[in-house]
Amino acid sequence: MYYKNKTFRRLAVLIIAAGLLSISIVGIRKYMPSSKWMSSDSYFGFAEGTTEPSLGVEGETVAAVIIDDHIAQERALIVNGNVYIDYTLVQSELNSRFYWDSSEALMLFTTAEQVFEIGVNTSTYTIDGESFDAGYEIVKTTSSGMFVAMNFLQQYSNLHFETYESPARVVITSGSTTVTTAEIKKDAVVRYRGGIKSEILTKVSVGEQVTVIEQMDRWSQVVTSDGYIGYIKNKYLINIEETQRETYYQAEYTSISLEGRVNLAFHQINYTAMNENLSEDISAMTGVNVISPTWYYLSDNSGAVTSYASADYVTEAHDAGLQVWALVSNFSDDVSTSTLLATRSSRQTVQNYLIAQALELGFDGINIDFESIAQESGYDYVQFLRELSILCRKNGIILSVDVPVPMEYSTYYNREELGIVCDYVVMMGYDEHYSGSDAGSVASMEFEETGIQNMLLEVAAEKIISAIPFYSRVWYTETLSDGTTNVTSEVVTMSEAQELLTSLGVISSYDETTGQQYAEWTDEEGRLCQIWLEDADSVASRAALVSQYSLGGIACWRLGYETDDVWAAITGSIA
């Protein structure tokens, strides 16, 4: 009996010891770092030990692309030692000034002074008709798409690249950006995710530099010099600091600007004889230093332009102390702006004509008023202005462009790029409510100020001209027999609006929401009539935003819609 109890006790002790050992092992394993490595091929998106046959052919290597802090979905090709980047990636992330012109089967690259015309699968390109040889194919096509040589791209872009093997990859870093860097304190590993159980991506050595993307309590997300993006314990990082990356390339875009602020009046010219009314139309005008006559409009898809221009008008305006910025619009039912802008020869026809007119007639600037641009034509529209800006820059002609108030749906106007290549960007701060919309103000104070604030996110303040309306809309809301409502409106000048209210005996009152005088009444047809008035007070408050935000100037649409007292209101507010 004693023997059995003794054996039982020993067995129990062994069982308990084994349990404790098992628990200890589990506990140790719980806190032991994983030594498992993630395959580099897998990490960079390649199948194990292979490249992607859909891209690579004999003699070509497919490479992953790492840009700053992320791995791009698109791939690169390495051919005879030259790296080629997918054109869609070039456009979206690296340099949007590369432009594929399908009408001419040419890649165009635009700098501040010239346009490169680059053929496909050839080493030659032309500038102003003169041919050059790069020594390698600049633009390469494969069954998978179009690729741009990184060597050429790097010459004209603020970036740097390095290539690495096993697996093949191209690491691209943006220049002139401020990044957080750190030095590796001692040899360590970088893991796929933050945590000791995550797989290992790569090793880093003492003294090596990494870029820090995000710092957390115990771990930091970093990018290694050879393109791995992962996590490392904070204890391995020292000398964490903000670092300004080297500038690799800086595009030199010069601009022409007026001394002091622009005070511009748009002058509507519907036929040539209207030019003779200039002296009468500006007789009461004060403080204005630029007049923009609506002389030109696109008349067909090949680039023909109809003109109402007059050399005598230019002379008379100059004698009155006014610069002349000739306006060209796309308001013609005979023109597909999308078709015209997508065709290089048509773009050039328009551009060359406008420059020739400026030189012949002596006007000072060109104002582009292309409206209702389709989203799919955004690249073509911006390319048109890039090309035109080169000609204007070479000939000392001021280039301005009219754009709608910034909205999320109109980002394709690329106002940031327009603010670089153009001398002024005119924000058309009107038609908040328009023919066909619900009743409301043409341009409330909130609409104006929010528009300016959003413009400032994309365009330098000194290049922004805030355009305000000199007109209002009278809104008529009719209740129909089926209970629905029908809303119509008509444009009225400042004088017409005041005369209308006086004739009806209607008195307006100040509307805090819009920052305007507001009036409503019921007409003889039983319709609700509403108007948000533009007058000297509303003009003054909108003009004051120009000084408040240090803008480049103000513009008004249009001369002849105003009352005489608005000129002093503008001048006093923007001084």
Side-chain angles (χ1 to χ4, degrees), residues 21 23-51 61-73 75-76 78 81 83 150 154 159-248:
L21 179 61
I23 292 171
S24 299
I25 291 172
V26 170
I28 292 170
R29 286 178 177 172
K30 180 180 178 181
Y31 295 103
M32 281 184 63
S34 171
S35 59
K36 183 178 180 181
W37 285 71
M38 175 178 283
S39 159
S40 292
D41 285 337
S42 174
Y43 174 70
F44 287 110
F46 294 111
E48 287 294 327
T50 68
T51 57
T61 301
V62 178
V65 180
I66 300 90
I67 303 177
D68 291 329
D69 60 359
H70 66 282
I71 301 173
Q73 292 183 342
R75 298 302 199 191
I78 301 177
V83 177
M150 197 69 197
Q154 184 172 248
L159 53 80
H160 177 73
F161 79 98
E162 296 284 350
T163 57
Y164 297 88
E165 298 179 349
S166 301
R169 58 196 186 277
V170 183
V171 179
I172 302 171
T173 52
S174 301
S176 303
T177 58
T178 300
V179 295
T180 302
T181 59
E183 182 183 341
I184 300 300
K185 184 178 181 181
K186 65 178 183 177
D187 294 355
V189 296
V190 176
R191 296 183 181 274
Y192 182 60
R193 300 193 186 282
I196 59 174
K197 294 302 181 181
S198 182
E199 294 173 292
I200 298 170
L201 293 179
T202 188
K203 288 183 177 181
V204 285
S205 302
V206 59
E208 187 175 335
Q209 288 277 324
V210 294
T211 300
V212 180
I213 301 174
E214 182 183 9
Q215 289 181 275
M216 292 157 282
D217 291 340
R218 297 181 61 194
W219 294 80
S220 288
Q221 187 181 28
V222 299
V223 185
T224 64
S225 59
D226 58 351
Y228 286 90
I229 304 168
Y231 292 81
I232 189 171
K233 281 188 174 182
N234 290 337
K235 67 181 183 180
Y236 294 113
L237 303 178
I238 58 173
N239 299 328
I240 301 173
E241 59 186 3
E242 295 293 303
T243 303
Q244 182 74 25
R245 279 186 179 154
E246 178 184 349
T247 299
Y248 303 111

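Here the straight-line distance linking atom CD1 of Ile213 with atom CD1 of Ile229 works out to 5.5 Å at 0.5 Å rounding. Distance check: Lys203 NZ to Glu208 CD gives 12.5 Å after rounding to the nearest 0.5 Å. Ile172 CD1 to Leu159 CG: the interatomic distance, rounded to the nearest 0.5 Å, is 6.5 Å.
Counting heavy atoms from C-beta outward, Val223 and His70 have side chains that stay 4.5 Å or more apart. In this structure the side chain of Arg191 never reaches within 4.5 angstrom of the side chain of Glu199, judged on heavy atoms. Residues Val190 and Thr224 meet the side-chain proximity criterion, which asks for heavy atoms closer than 4.5 Å. Counting only heavy atoms from C-beta outward, the side chains of Ile240 and Gln215 approach each other to under 4.5 Å. The side-chain heavy atoms of Gln221 and Val210, taken from C-beta on, include no pair separated by under 4.5 Å. Residues Phe46 and Arg75 meet the side-chain proximity criterion, which asks for heavy atoms closer than 4.5 Å. Under the 4.5 Å side-chain criterion, counting only non-hydrogen atoms from C-beta, Gln154 is in contact with Phe161. When side chains are defined from C-beta on, Thr202 does not count as touching Tyr43, because their heavy atoms never get closer than 4.5 Å.
The closest donor-acceptor contact from the side chain of Asn234 to the backbone of Met216 lies under 3.5 Å. Ser39 contributes a side-chain N or O that, together with a main-chain N or O of Ser42, makes up a donor-acceptor pair within less than 3.5 Å. Judged purely by atom type and a 3.5 angstrom limit, Asp68 uses its side chain to pair as donor or acceptor with the backbone of Ser174.
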Original post:
Between Gln209 and Glu183, is a side chain to side chain contact (heavy atoms under 4.5 Å, CB included) present by the stated rule, with each step listed?
Top reply: CA-CA 5 Å; Gln209 288 277 324; Glu183 182 183 341; 3.9 Å; yes
Subject >> Worked check of side-chain hydrogen bond (donor to acceptor under 3.5 Å, both in side chains) between Glu242 and Thr178 >> reply: CA-CA 7 Å; Glu242 295 293 303; Thr178 300; 5.6 Å; no
Subject >> Val65 vs Ile71, side chain to side chain contact (heavy atoms under 4.5 Å, CB included): CA-CA, chis, key distance, verdict >> reply: CA-CA 6 Å; Val65 180; Ile71 301 173; over 6 Å; no
**OP:** Apply side chain to side chain contact (heavy atoms under 4.5 Å, CB included) to the pair Lys186 and Tyr236, showing each step before the final yes or no.
**Re:** CA-CA 6 Å; Lys186 65 178 183 177; Tyr236 294 113; 3.4 Å; yes
**OP:** Apply side chain to side chain contact (heavy atoms under 4.5 Å, CB included) to Ile66 and Arg169, showing your working.
**Re:** CA-CA 7 Å; Ile66 300 90; Arg169 58 196 186 277; 3.8 Å; yes
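Side chains of Tyr228 and Ser40: a donor-acceptor N/O pair is present below 3.5 angstrom, by distance only.
No more than 12 heavy atoms of other residues, nucleotides or ligands lie within 6.0 Å of CD in Glu165, so this atom counts as exposed by the packing criterion. The 12-atom threshold is not exceeded at CD of Gln73, counting heavy atoms of other residues, nucleotides or ligands nearer than 6.0 Å. Dense packing is recorded around CG of Asn239, with more than 12 heavy atoms of other residues, nucleotides or ligands lying under 6.0 Å away.
Nearest heavy-atom pair across Pro167 and Phe44 is CG-CD1, 3.6 Å. The minimum heavy-atom distance between Ile200 and Ser34, with the atom names listed, is CD1-O, 3.8 Å. Taking every heavy atom of both residues into account, Ser225 and Val171 meet most closely at O-CG1, 4.0 Å. Nearest heavy atoms, Gly230 versus Leu201: CA-CD1, 4.0 Å. Between Met32 and Lys197 the shortest heavy-atom distance is O-NZ, 2.6 Å. Nearest heavy atoms, Thr181 versus Val212: C-CG2, 4.3 Å.
Residues Tyr192 and Tyr231 keep their aromatic ring centres 6.0 Å or farther apart.
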